[in-house]
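See structure below.
Numbering of residues begins at 1 and proceeds along the displayed sequence. A quick note: this is a predicted structure, and the numbers were derived from the prediction, not measured.
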Amino acid sequence: MSENLIQFVRWLVISTTLMQSNVICGSESHFRAIFNFGDSNSDTGGLSAAFGQAPPPNGITFFHSPKGRFSDGRLIIDFIAKSLGLPYLSAYMDSVGSNFSHGANFATAGSTVRPQNTTKSQSGYSPISLDVQFVQFSDFKTRSKLVRQQGGVFKELLPKEEYFSEALYTFDIGQNDITAGYKLNLTTEQVKAYIPDVLDQFSTVIKGVYGEGGRSFWIHNTGPLGCLPYMLDRYPMSPAQMDEFGCAKPFNEVAEYFNKRLKETVEKLREELPEAKITYVDVYRVKYTLISNAEKYGFEKGVIACCGHGGKYNFNNRERCGASKRVNGTEVVIAKSCEDPSVRIIWDGIHYTEAANNWIFLQILNGSFSDPPTSLGATNSRSWKTEL
């Protein structure tokens, strides 16, 4: 596909989506802040603040240097914030240059819903599980009110008290809870067996946020795990277990099972929390649609990582994106970015490129993949056509 044709296809998809969103979206967004909870799919610097910055070439596309995100650029949560006329979210864990006046991000890469009985160095999972993120949020809410009273810079950098009840609470977590079982060599049925407990703990946090005054919830389900090089490389499958797009069917089936139970959990929460507006967003369907129709939407090499080194999927778990080696006394990056991330879907074998994140965001913007079909209420949807 020629470059001009790729750009035309992408423009057509964006334009169509924006016309739809202009019909559904209201005029002015009423959300004054965003408070995000999650894992690396929405981490804007939490893990980097605690354990060291995500290395180059992360961030090369938009920020032009590492910015705490495991992507070449922006994440879905960044596009959500911008569409609501709000600044990109600062990570709660980041003490340098942060501005929390319109929200905070409690997500960290490697986070799970259930606390893991292991350390980050042993398993790669973050100690900042969802229950810890809720504790951080609750403490942040209490202390913000007190510290703002000191005036000056504190008043400028912290949210107003009323913003907590007027905020959008976003959740994108659960993927690592599934992979944790496979790392322990559990069978698929054993992984499925503990999902209800994962979702019970998820439900507890939603109720906790509701108890703190949160009323608007935007909950993403988990994506197609079987399409990630991280899983495909670590757990090889037989040809019969692979679909026509290069994804492992067993892992995708587990993700779909998780999502089915998550949707049931959301439905129960709606009954138990009568004042809450809870939107369930089917990002699985959006992501799988993109991967299975990559060329149609102007992308290429569906499940192959853009940034990596070696192997069938350009992914090596020991030499992930940005990995370097010392050669003749000089540090040399061996896991480099592909030439053009804007036409690739998978960034580093685990996460998505900015271009893919943008495409996914545009699909969920108008509520087409939401239950109920709720628009995000983008304030400046027309500006997306020229910027993107």
With distance as the sole test, does N314 use its side chain to make a donor-acceptor pair with the main-chain N or O of A305 at under 3.5 Å?
yes
Could you go through the side chain to side chain contact (heavy atoms under 4.5 Å, CB included) check for I77 and D172 one step at a time?
CA-CA 9 Å; I77 188 64; D172 192 331; over 6 Å; no
When you group the ILVMFWY residues by side-chain heavy-atom contacts below 4.5 Å and let the links chain together, are I345 and M242 in the same group?
yes
Is it true that atom CD of Q241 has more than 12 heavy atoms of other residues, nucleotides or ligands lying nearer than 6.0 Å?
yes
Given side chain to side chain contact (heavy atoms under 4.5 Å, CB included), test F37 with F202 step by step and report yes or no.
CA-CA 11 Å; F37 303 78; F202 177 83; over 6 Å; no
Got a donor-acceptor contact below 3.5 angstrom from the R32 side chain to the A167 backbone?
no
Rounded to the nearest 0.5 Å, the CG atom of N105 sits from the CD1 atom of I34 at a distance of 9.5 Å
Centre of F369's six-membered ring, under 6.0 Å away, within 45 degrees of the axis: is that where NZ or CZ of R285 sits?
no
Quick one: are V254 and L225 in side-chain contact, heavy atoms under 4.5 Å?
no
Would you mind reporting whether E354 and P341 have side-chain heavy atoms less than 4.5 Å apart?
no
Mind checking whether Y210 and F217 have ring centres under 6.0 Å apart?
no
First locate atom CD of E256, then atom OG1 of T222, and finally report the distance between them rounded to the nearest 0.5 Å.
11.5 Å
Would you mind checking if E271 and K268 are paired as a salt bridge, meaning a charged N to carboxylate O distance below 4.0 Å?
no
Heavy-atom pair of closest approach, residues N36 and S42
ND2-OG, 2.9 Å
Closest heavy-atom pair, P229 versus V303, reported as atoms and distance to 0.1 Å, is CG-O, 2.9 Å
By the definition ring pair (Phe, Tyr, Trp, His ring centres under 6.0 Å), identify the one residue from F134, F137, F31 that meets it with Y169.
F137
Is the backbone of A240 close enough, under 3.5 Å, to the side chain of K249 for a donor and an acceptor to pair up by distance?
yes
Distance in Å, C321 SG paired with N316 CG, rounded so as to fall on 0.5 Å steps:
12.5 Å
Q53 side chain to G68 main-chain N or O, any donor-acceptor pair under 3.5 Å?
yes
T179 and M231, any side-chain heavy atoms less than 4.5 Å apart:
yes
F140 backbone acceptor or donor facing Y92 side chain under 3.5 Å
no
Hey, is CD on E339 packed in by over 12 heavy atoms from elsewhere, all under 6.0 Å?
no
Quick test of your reading of the model: are R114 and D197 salt-bridged, counting only N-O distances below 4.0 Å?
yes
Taking atom NZ as the centre, does K160 end up with more than 12 heavy-atom neighbours from other residues, nucleotides or ligands that are less than 6.0 angstrom away?
no
What I'd like to find out is whether the side chain of K263 reaches to under 4.5 Å of the side chain of K260, using heavy atoms alone.
no
In short, P87 meets H102 closest at the heavy-atom pair CD-CB, 3.9 Å
May I ask you to test the N358-R74 pair for a side-chain heavy-atom distance under 4.5 Å?
no
In short, I278 meets V266 closest at the heavy-atom pair CG2-CG1, 3.6 Å
Heavy-atom donor-acceptor pair, T374 side chain to P372 backbone, under 3.5 Å:
yes
Quick one: closest heavy-atom pair of K120 and P127, and the distance?
CB-CD, 4.5 Å
Single-linkage hydrophobic cluster, 4.5 Å side-chain cutoff, L290 and Y288 together:
no
Carefully, step by step, assess K287 and I360 under the rule side chain to side chain contact (heavy atoms under 4.5 Å, CB included).
CA-CA 7 Å; K287 290 179 177 179; I360 295 162; 3.6 Å; yes
Can you check side chain to side chain contact (heavy atoms under 4.5 Å, CB included) on I178 and F258, steps first, answer last?
CA-CA 8 Å; I178 299 174; F258 176 93; 3.8 Å; yes
Same apolar cluster (I L V M F W Y, side chains within < 4.5 Å links), F106/F51:
no
Any chain of hydrophobic side-chain contacts (each under 4.5 Å) joining Y284 to I80?
no
Does K325 pair with E319 as a salt bridge, N-O distance under 4.0 Å?
yes
Can any side-chain N or O of D233 pair as donor or acceptor with the backbone N or O of P236 at less than 3.5 Å?
no
Do the side chains of L273 and I206 get nearer than 4.5 Å, heavy atoms only?
yes
Please say which of N58, T353, D72, T61 ends up in a side chain to side chain donor-acceptor pair (under 3.5 Å) with W347.
N58
Can we say R69 and D78 salt-bridge, meaning some charged N sits less than 4.0 Å from an Asp/Glu carboxylate O?
yes
Can you find a heavy atom in the side chain of S144 that is under 4.5 Å from one in the side chain of F100?
no
Is the side chain of Y280 donor-acceptor paired with the backbone N or O of N259 at a distance under 3.5 Å, no angle test?
yes
Closest contact, heavy atoms only, G226 versus L232:
O-CD2, 3.3 Å
Please round to the nearest 0.5 Å and tell me the distance separating atom CD1 of I364 and atom CG of L376.
6.0 Å
Walk me through it: do Q133 and S111 pass the test side-chain hydrogen bond (donor to acceptor under 3.5 Å, both in side chains)?
CA-CA 9 Å; Q133 293 180 29; S111 286; 3.2 Å; yes
R215 side chain to E166 main-chain N or O, any donor-acceptor pair under 3.5 Å?
no
Heavy atoms, side chains only, cut-off 4.5 Å: are D94 and S90 in contact?
no
Could you see if L47 belongs to whatever hydrophobic cluster contains V132? Use Ile, Leu, Val, Met, Phe, Trp, Tyr and a side-chain cutoff under 4.5 Å.
no
Distance, nearest 0.5 Å, that separates NE2 of H30 from CG of L84:
9.0 Å
Counting only N and O atoms by type, is there a donor-acceptor contact under 3.5 Å from the side chain of T170 to the main-chain atoms of W218?
no
CD (E272) and OG (S203) are apart, to the nearest 0.5 Å, by 6.0 Å
Does K183 count as lying over the ring of Y125, i.e. NZ or CZ under 6.0 Å from the six-ring centre, within 45 degrees of the axis?
yes
Quick one: sort the Y235 and Y182 rings into parallel, tilted or perpendicular, breaks at 30° and 60°.
tilted
Is C307 close enough to C338 that their SG atoms are under 2.5 Å apart?
no
Audit row: T330, N328, side-chain hydrogen bond (donor to acceptor under 3.5 Å, both in side chains) steps and yes/no
CA-CA 6 Å; T330 303; N328 297 325; over 6 Å; no
